[in-house]
Every structure is written in C-alpha cells, then in structure tokens.
Amino acid sequence: MSLSLYDTFSREVRSLQPQDSKTLRFYCCGPTVYGPAHIGNFRTFVMQDIFRRVVEASGSATRHVRNITDVDDKTIRQSQEENRALSDFTAAWTARFHEDCTALGLLPPHVEPSAVEHLPEQIDLISRLIDKGHAYRTDDGSVYFDVRSFPAYGKLSRLAEREITTGEVDREQSDEYDRASAADFALWKAARPDDGPNHWTSPWGQGRPGWHIECSAMAMKHLGESFDLHSGGVDLVFPHHENEIAQSEAATGKTFAHHWLHIAHLTVEGRKMSKSLGNLYTLEDLAERGHTPMELRYVLISGSYRQPLNFTFDSLAAAKKSLTRIGNWQRRLGGDTEIHSTGKGDFGPFAPVFEALTNDLNTPEAIGRLHSIGRKIIAKAEAEELSPTETKAASKGLSLVLQCLGLVLPDPKNAISSDADETPASVRGLAAERFEARQNRNWELADKLRDQIREAGWTVLDNPDGFALEPVETATEFTNHQS
RNA sequence: GGCGAGGUAGCCAAGUGGUAAGGCCGGGCUCUGCAAAAGCUCUAUCGCGGGUUCGAUUCCCGCCCUCGCCUCCA
C-alpha cells in the first residue's frame, strides 16, 4: 500500500501504513441524528468513503467505524419538542441518513455504533479517568475532565493553554454547569428537568454522557485503544478531537490515533452554509431541483479535501454533463461486465488516475486525468485504432477507477430499453413504434410520434441502436435556480 | 487578538523552480433525416510590490483582500 496523506497532527503529508500491516483501522465521526444531513456533512462522508476505497484498492483491508450520535443536546431538545421518544426520533433520522448514504454510493461502515448503546463503555471510561485523577465530580452530579491534569492538552490544534482559557468568561456565564476551569469539558452531564425522561443511571447519579466521550469509548471498543486513523470535518479539530485525545490518552497512556484526517468545509455560492442564509441544502432539496445524488458526489470530489470547496448550482449542472460523458465512454468501450468487488486490479491506461488518488486523495487531479485519458482513448476507438485487447483493458480500467471514486453511472443499456424505470408502457410503446418507423425511414410518422411522446411529457432521444426516454422536466431543468 | 487556509481564464478547480491539468459555459468544426446527444478544436502568464535565481505562478519579505476555527457546527 502506498498512500500518502496529510496528517493534521504532524502537519505534513505522511505515508500511511496499517500498524498491523494488514487491516487499516479507522474511525469517522458520524452524524448527530436530529434532522437531515446537509450536503456539507456529506462532503466529509464522501471523502472518507473515497479514502476507504483507495486503501482497499491499494491492497489493504479496512475496518471502518462510524458512529451515530443519538444522545446530545440537540437530539434531546428536538425530540422533546416533538413529543417523541428519543429512540423513535433518532431511529427515524438514522434511517433517513442511511437512505442518503446509499443514494450517494457510500460504503456502509463495518461497525456503526450508537452512543446510547454504549453507555456502559462510556461510564467505564469516565470511571477510569476519575480513578486516575483526570476527572472530577461537581456538586450537581456532573463529571468534568480536568484539562490541567493533561499537559499535552492542545497538541492537535496547537492552542497554547493561555489561549484556551481566555475568552471563556462570557460563555461560562451562560453555561448551566459549573466547572473548575473554563477549559474543562463535560464527560457526564447531570440530568436536568428539560431532559425529560432522557437520563440514565451512573455512579454519579442520573444523567447522560457528554458529547466527546462517546467517540473515545466507541473507538476504543471497536478499534482498540490505539488505532490507525481518525477523521472528521475540520471544525472537529477543536474541541472535539482535542478532547477525545485528552480523554483517551489520559486513560490509556497510549497514542489514541496515529493519523488525523480532516475534511475542509463546503461553502455555498461563496458563503458559509447556515440556516439564516437559507443555503443549507439536503439531498431532498437537490432532488426537488432535478439533481441526482451522483451529481452531488461528483461536485463534492471535484476539489481538494484540504481546501474549502465552493458549491454552486452551476457546478452541479457541469457534473451532470461530465457524468453523462463518462457514461457514454463506458458504453462505447462495450461496458465492463466483470464485478470487481474490492476495486483491486489492473487500471490499464487509467493507472494515472488511481495514482493521483494515492497522492493525498487528490480527487480533482484524478478527475482531470480521467477526462484527458478517456478522451484520448475514445478518439482512438472512434478511429478504430483500438484492438479488442486494448478496448477490454480500457473498459476494465475505467470501471475500476470509477469504482475508486465511487461514481456509479446510469447503465446506458437500461436507458436505451427504458424498461427499468417508471416510464409508462404507453409512452414506451410509442417510442418503440417510432424506432420502427425510423428504421423504415418513415420520417413523417417518426416526427408525429415524437410529438405525441412529448405531449405525454417525455422526450425521446435517438441512439444508433435504440432510444432513450426522459421526463421533459429533468431534461431541461439544469438552469441555475439561485437568485 | 490567537491559530490556520487561500487569492489561477466568465464559472468550478488542479499543478509545477524552466514560460499553466481538467470540467462547465462561449466560439469554430465533424457527424447526424429533424431534434437531442456524441466527437474534434479555440480561449489564462497564475491578487499587488519587492527580493533570491540563468529563470518564479511555484521559494522569501511586505501589502491588499477573502475565508475557517477559537467549547458541543462535518
């Protein structure tokens, strides 16, 4: 395996190797399930997915753990407001999250632990910290991590202690929990009246876990006390990951994660996403505008994960075009019928694409190379300068490379016969008739039938060997809706 | 204020100490009964000012501007 990857901790690009030289074990901070995830969240998950695919295609096995945060301020507050049981509430949003992930072609993690299902592990970890003098209980029954007991605190985000503790005064006032030092953070929060029934028994009384502790406990349980890589969005560097390091390493004395991967944020039309700006989009929002999840995936990988990426509806439209184009190449090369479960294999002429991915997951470079290599190959194919062997190699390489990128293109064969979708049989019948008319060079009838199909709300697109049908809206819906 | 990232064609976005990938849009062309696709092709000297160098967009300094994080937001 030869993947080099930027590491937030050392701040350099380092070669990544599984510690046991077989299985790369990594943890991803998952979603808080209190609403639909937005496209910015998915940038992180998509990049983590690419990471995994590249590792696996490089010949290493993976163990991928991504948690579900189903107990915290937001889930509790929101479920209370809606008068729903917390578990029902989070189960529904978890299901929605899974649907979105599937639509985006994300490989499911090997383990997807939930925070409420790991309370014993969290309580145990907190106890260890108290025993070692790294945590203390307050009068109200909460437990805090004592930042001063862990001198290395701040090493990931490189904040000197002085900076950590200044500027805390305002917030401390509004915080209902009392703590010894402003930088200390909650491991266990005592139950409050507005938590409703959402509290659990602990040695320190009724309450619930703090946010950070769940990831430490679950990562350790499913990956061991020391594992290969941890990742999340950049905003998690501080405080979340900093706190995870503190808790975990204070408890175990071992290096928590050996490599830290952080994905930069997505901006929308040049601005930070926020509810007040009304530019927080979900997959559903994009679908309403006629865009597919794969188009979004393409956009999300069109920039370097280390740089903020500017999402625009123009780029979504561009993605649609590019995907169509690549799909056509696939068809022209005859398609690749073999299944490549792990993405391992001979990339043939597309090897440089994969190579770009192993260089710090350079997805934009990979896409660039994919286009230039693909174009050349198709030109040769058109000129009939491609031998059957070369065609096969190109077809397989293209298929493998697309798999590494997680891009699933619509099967052109399905589009031609249009039997896999919800096209009405009547429309399909008309289109079939029209195809026959065209074969007989009966242009008059063909044009008439096309008009009829259009009246039924469908656009018919001719191919040399068949036809495709598209609803009229989606065929024309790619203008920029932003004002 | 602290820490960090960045300013590359109309838009999105890579990259390199030796005169800039790719995609979209736009122009030209080919093919196509029409329409749509598809294929080919054209379009930038890299925020500003210095410095180092034979040579900088790429390294250093200064300036201008944008953005992120700074306690629970991917």
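Numbered from 1 within each chain, the chains take letters A, B, ... in sequence-line order.
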### Euclidean distance for C1', A44(B) against G23(B) (whole angstrom)
16 Å
### Message
If I pick the C1' atom on U53(B) and the same atom on C59(B), what distance separates them, to the nearest angstrom?
### Response
10 Å
For [X] and [N], is the shortest distance between a side-chain N/O and OP1 or OP2 below 4.0 Å?
X: K320(A); N: C24(B); value: no
X: R325(A); N: G39(B); value: yes
X: N310(A); N: C12(B); value: yes
X: R450(A); N: A35(B); value: no
X: R375(A); N: G23(B); value: yes
X: Q307(A); N: A5(B); value: no
X: W329(A); N: G39(B); value: yes
X: K272(A); N: C73(B); value: no
X: R66(A); N: A74(B); value: no

[X] [atom1] - [N] [atom2] separation (whole Å):
X: R11(A); N: A5(B); atom1: CZ; atom2: C1'; answer: 11 Å
X: K74(A); N: C72(B); atom1: NZ; atom2: C1'; answer: 7 Å
X: Y305(A); N: G4(B); atom1: OH; atom2: P; answer: 18 Å
X: K376(A); N: A38(B); atom1: NZ; atom2: P; answer: 20 Å

### Task
Apply salt bridge (Lys or Arg N to Asp or Glu O under 4.0 Å) to the pair R192(A) and D73(A), showing each step before the final yes or no.
CA-CA 11 Å; R192(A) 292 183 294 188; D73(A) 289 335; 3.7 Å; yes
### Query
Is the base of G15(B) touched by the side chain of N362(A) through a donor-acceptor pair closer than 3.5 angstrom?
no
### Message
Could you check whether the side chain of R434(A) and the base of G33(B) have a donor-acceptor pair of N or O atoms closer than 3.5 Å, going by distance alone?
### Response
yes
### Query
Of all residues at least two apart in sequence or in a different chain, which pass the salt bridge (charged side-chain N to carboxylate O under 4.0 Å, His left out) check with R96(A)?
D100(A), E284(A)
## Note on the structure
Assert: residue with more 5' nearest nucleotide on RNA chain B, out of R369(A) and N359(A), is N359(A)
Is any side-chain N of the basic residue among [X] and [Y] closer than 4.0 Å to the acidic one's carboxylate O?
X: K189(A); Y: D195(A); value: no
X: E295(A); Y: R289(A); value: no
X: E365(A); Y: R369(A); value: yes

Counting any heavy atom closer than 4.0 Å, what does [X] reach on the DNA or RNA strands: base, sugar-phosphate only, or nothing?
X: G303(A); answer: sugar-phosphate
X: T267(A); answer: nothing
X: L370(A); answer: nothing

### Message
Walk me through whether Y305(A) and F51(A) qualify under ring pair (Phe, Tyr, Trp, His ring centres under 6.0 Å).
### Response
CA-CA 11 Å; Y305(A) 78 90; F51(A) 166 72; 9.4 Å; no
### Query
What residues form a side-chain contact (heavy atoms from CB on, under 4.5 Å) with E390(A), not counting sequence neighbours?
K380(A), L386(A), S387(A)
#### Entry: H212(A) and its ring-ring contact (aromatic ring centres under 6.0 Å, His included) partner, picked from F185(A), F238(A), F145(A)
F185(A)
### Pair assignment for RNA chain B - dot-bracket with | for other-strand partners, Watson-Crick or G-U under 3.5 Å
(((((((..(((.....[...))).(((((.......)))))....(((((..]....))))))))))))....
